[in-house]
Amino acid sequence: MAYLFVFVGGGLGAMFRHFVNNASSRMFGTAFPYHTFFINVSGSIIMGLIAGYFAFKSGSSQHLRLFLMTGILGGYTTFSAFSLDAALLYERGAVGLALLYVLGSVALAIAGLFAGMALIRAIT
C-alpha cells in the first residue's frame, strides 16, 4: 500500500514540475534555468514546512508522509530531499559530514553528468 501512495504522489509532483517548467519558459524564457531554480528552492521550503510539521505532530500517518514527502516532493524535486538530509546532518551536530555531503553531492553529480555525456559522445 505504501508504494501506491508514493506512486500517486510522484505522478502528481511530476505533473506539477512539468507545469512549472512550461510556465517558467513562457514567462521568463530559457536563457537561465529559472524553472529548476524555482523548483529547487520552493521544493526545499515546502519540505521544511512538512518536515517541521511532522516533527511536532506525532500522530501523522506514515502513508501521509510517504505521499507528501517521497511522492509529491520526490516527483516535483529531489533537491528537497537533498536539502533535508543536509539539514538533518547539521542539526545532529555533524557539520563536517553535512559539508562533505553537500560539496560531494554537487561536485560528483556534475562530474557524473559530464562523464556520462562524454561516454555517450565517445561511443556514438
Side-chain angles (χ1 to χ4, degrees):
M1 189 61 153
Y3 288 99
L4 181 62
F5 283 94
V6 173
F7 173 75
V8 172
L12 292 171
M15 285 177 19
F16 189 60
R17 180 186 182 104
H18 184 63
F19 169 79
V20 170
N21 285 341
N22 287 334
S24 175
S25 295
R26 282 193 302 274
M27 291 179 359
F28 304 113
T30 58
F32 180 82
Y34 293 104
H35 56 287
T36 303
F37 184 78
F38 176 80
I39 287 166
N40 288 341
V41 173
S42 64
S44 294
I45 291 169
I46 294 166
M47 179 67 86
L49 292 169
I50 293 171
Y53 176 79
F54 285 148
F56 298 109
K57 178 112 171 107
S58 61
S60 303
S61 77
Q62 183 63 16
H63 286 143
L64 181 59
R65 291 172 191 238
L66 288 170
F67 176 72
L68 293 174
M69 296 173 81
T70 306
I72 290 179
L73 284 175
Y76 182 62
T77 174
T78 57
F79 197 82
S80 58
F82 166 78
S83 299
L84 179 62
D85 290 339
L88 290 174
L89 285 169
Y90 177 83
E91 290 283 322
R92 292 179 190 142
V95 177
L97 282 178
L99 188 61
L100 177 67
Y101 177 67
V102 169
L103 296 176
S105 293
V106 171
L108 291 174
I110 292 171
L113 183 124
F114 277 111
M117 289 172 43
L119 178 62
I120 292 299
R121 283 189 189 114
I123 64 174
T124 56

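- No continuous path of hydrophobic side-chain contacts links L66 to V8 [ILVMFWY only; heavy atoms under 4.5 Å].
- Atoms CZ and CG, on R17 and L12 in that order, are 15.5 Å from each other to the nearest 0.5 Å.
- Both L68 and L4 belong to a single network of hydrophobic side chains, linked directly or stepwise wherever heavy atoms of I, L, V, M, F, W or Y lie under 4.5 Å apart.
- Annotation: Y3, atom OH; neighbour count of heavy atoms from other residues, nucleotides and ligands within 6.0 Å does not exceed 12.
- When the side chains of ILVMFWY residues are joined at heavy-atom separations under 4.5 Å, either directly or via intervening members, Y101 and I110 end up in a single hydrophobic cluster.
- Both L73 and V20 are members of a single hydrophobic cluster when ILVMFWY side chains are connected at heavy-atom separations under 4.5 Å.
- Considering every non-hydrogen atom in both S24 and Y34, the closest pair reads OG-CB, 3.5 Å.
- Going from atom CD1 of I50 over to atom CG of L64 covers 8.5 Å, rounded to the nearest 0.5 Å.
- Here F79 and F82 bring their ring centres to under 6.0 angstrom of each other.
- The distance from atom NE2 of H18 to atom NE2 of H35, rounded to the nearest 0.5 Å, is 11.5 Å.
- Once rounded to the nearest 0.5 Å, the distance linking CD1 of I72 with CE of M47 reads 11.0 Å.
- Closest of all the heavy-atom pairs between A86 and A98 is O-CB, 3.8 Å.
- Annotation: the span from F38 atom CZ to T77 atom OG1 amounts to 11.5 Å, rounded to 0.5 Å.
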Residue pair L84, M69: steps toward the side-chain contact (heavy atoms from CB on, under 4.5 Å) verdict: CA-CA 10 Å; L84 179 62; M69 296 173 81; 3.8 Å; yes
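- The environment of Y90 atom OH is sparse: at most 12 non-hydrogen atoms of other residues, nucleotides or ligands sit within 6.0 angstrom.
- When all heavy atoms of S80 and G43 are compared, the pair lying nearest together is CB-O, 3.2 Å.
- Summarising the local packing, CE of M1 is surrounded by 12 or fewer heavy atoms from other residues, nucleotides or ligands at distances under 6.0 Å.
- The structure places CD1 of I39 at 10.5 Å from CD1 of I46, a figure rounded to the nearest 0.5 Å.
- Criterion: ILVMFWY side-chain heavy atoms under 4.5 Å apart, direct or through other members. Under it, M27 and V41 are part of a common hydrophobic cluster.
- For the pair V6 and T70, the tightest heavy-atom approach, listed with the atom from each and the gap, is CG1-CG2, 3.9 Å.
- Between F5 and H63, the ring planes lie parallel to each other; the angle is under 30°, not in the 30° to 60° tilted range.
- A donor atom on one side chain and an acceptor atom on the other are not found under 3.5 Å apart for S60 and Y53.
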